[in-house]
2 protein chains.
Amino acid sequence: MDLSLYNKIFENRLRLQIMSILMANEFYDFSSLKELLDATDGNLASNLKTLEKEGYLTVEKSFVDRKPNTRYMKTDKGRKAFENHLIALENLIKQQYK
Amino acid sequence: MDLSLYNKIFENRLRLQIMSILMANEFYDFSSLKELLDATDGNLASNLKTLEKEGYLTVEKSFVDRKPNTRYMKTDKGRKAFENHLIALENLIKQQYK
DNA sequence: GCAAAGAACTTTGTTTTTCAAAGTAAATGA
DNA sequence: TCATTTACTTTGAAAAACAAAGTTCTTTGC
């Protein structure tokens, strides 16, 4: 069976959650992600960095209410990779062998 | 959101495949799994051991055609854990935040 | 103007996981 | 008896995960 769409990057739960949040939202900021996912700063930041390095999301820094704010947004590449991974997962799970 | 059904054991691709094969088949033997999953002996054995330790599958040794044969079968616990994990995955992926 | 606080990291270090390669045991076949 | 097959176990090296602590920059309170 074809596993070319399967993506190891998404084997991590936090990254899976980050991506699925970014699929449902145009963007999401660090603090909100942190709260929502109940993650530590370090863990969240490093997993975001992993996704960013892979080109699956982009980062946009600004000030909101005079406080630093970092927004994350999925890239087209990220969206496709994630969608493909879900397809691969589905195929893998639904496999019916003789 | 509730992630109590999410199961780290199933973050590994090989273990995910093993379980999904055992969901579709009453039993499956080592050689066939190895061939089907294109895995090395060591890797397959250690992942089967992980699932066995967790109580997700049982092992049955016998001789077939005068050759040693090891059959793996999901347990009820394994089936439930896997089904639950799929539910958790689905929830996680379909999450719609504000 | 200085201390404290908040955001978003990075660094550090430990623990865990992954996995291939090599080694092993038991049984069969030539 | 020697090779082969099955199904492992052991070993070891590399990668990944992740929390805690440290860092930087900026704002706010006094």
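Naming: A, B, ... by sequence-line order, numbering from 1 per chain.
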[X] [atom1] - [N] [atom2] separation (whole Å):
X	N	atom1	atom2	result
A/Lys61	D/dC25	NZ	P	12 Å
A/Lys53	D/dA16	NZ	P	10 Å
A/Glu60	C/dC9	CD	C1'	18 Å
B/Ile9	D/dA17	CD1	P	15 Å
B/Asn47	C/dA20	CG	C1'	12 Å
A/Glu11	D/dA17	CD	C1'	13 Å
A/Asp41	D/dA21	CG	P	13 Å
B/Leu44	D/dT9	CG	P	11 Å

What nucleotide, of [options], holds the atom closest to the side chain of [X]?
X	options	result
A/Ala45	D/dT6, D/dC8, C/dC9	C/dC9
A/Arg66	D/dC8, D/dA7, D/dT27	D/dT27
B/Pro68	C/dA8, D/dT9, D/dA7	D/dA7
A/Thr70	C/dC19, D/dT6, C/dA8	C/dA8

- Position toward the 5' end of DNA chain C (nearest nucleotide), A/Asp29 or B/Asp65: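 It is A/Asp29 whose nearest nucleotide is closer to the 5' end.
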
- First encountered from the 5' end of DNA chain C, between A/Phe30 and A/Lys8: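 The 5'-side residue here is A/Phe30.
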
For a quick test of reading the model: is some side-chain N or O of [X] closer than 4.0 Å to OP1 or OP2 of [N]?
X	N	answer
B/Ser31	D/dA7	yes
B/Thr40	C/dA21	no
A/Tyr72	C/dA8	no
B/Asn12	C/dC19	yes
A/Lys49	C/dC9	no

- B/Asp29 versus B/Ser32, side-chain donor and acceptor atoms under 3.5 Å: yes

- Which part of the nucleic acid does B/Arg15 contact within heavy-atom distance under 4.0 Å: base, sugar-phosphate only, or nothing?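 Sugar-phosphate: the residue B/Arg15, judged by heavy atoms under 4.0 Å, touches backbone atoms but no base.
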
For residues [X] and [Y], determine if any side-chain heavy atom of one lies less than 4.5 Å from a side-chain heavy atom of the other.
X	Y	answer
B/Tyr56	B/Phe82	no
A/Asn84	A/Asn7	no
B/Leu22	B/Leu51	no

- Honestly curious: do A/Phe30 and A/Phe27 fall in one hydrophobic cluster under the side-chain, below-4.5 Å linking rule? no

- Message: Pick the closest DNA chain D nucleotide for A/Phe63 and for A/Asn43 by heavy atoms, then say which residue is nearer the 5' end.
- Response: A/Asn43

- With the threshold set at 4.0 Å, does a side-chain nitrogen-carboxylate oxygen contact exist between A/Lys8 and A/Glu11?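 A salt bridge is present here (some side-chain N lies under 4.0 Å from a carboxylate O).
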
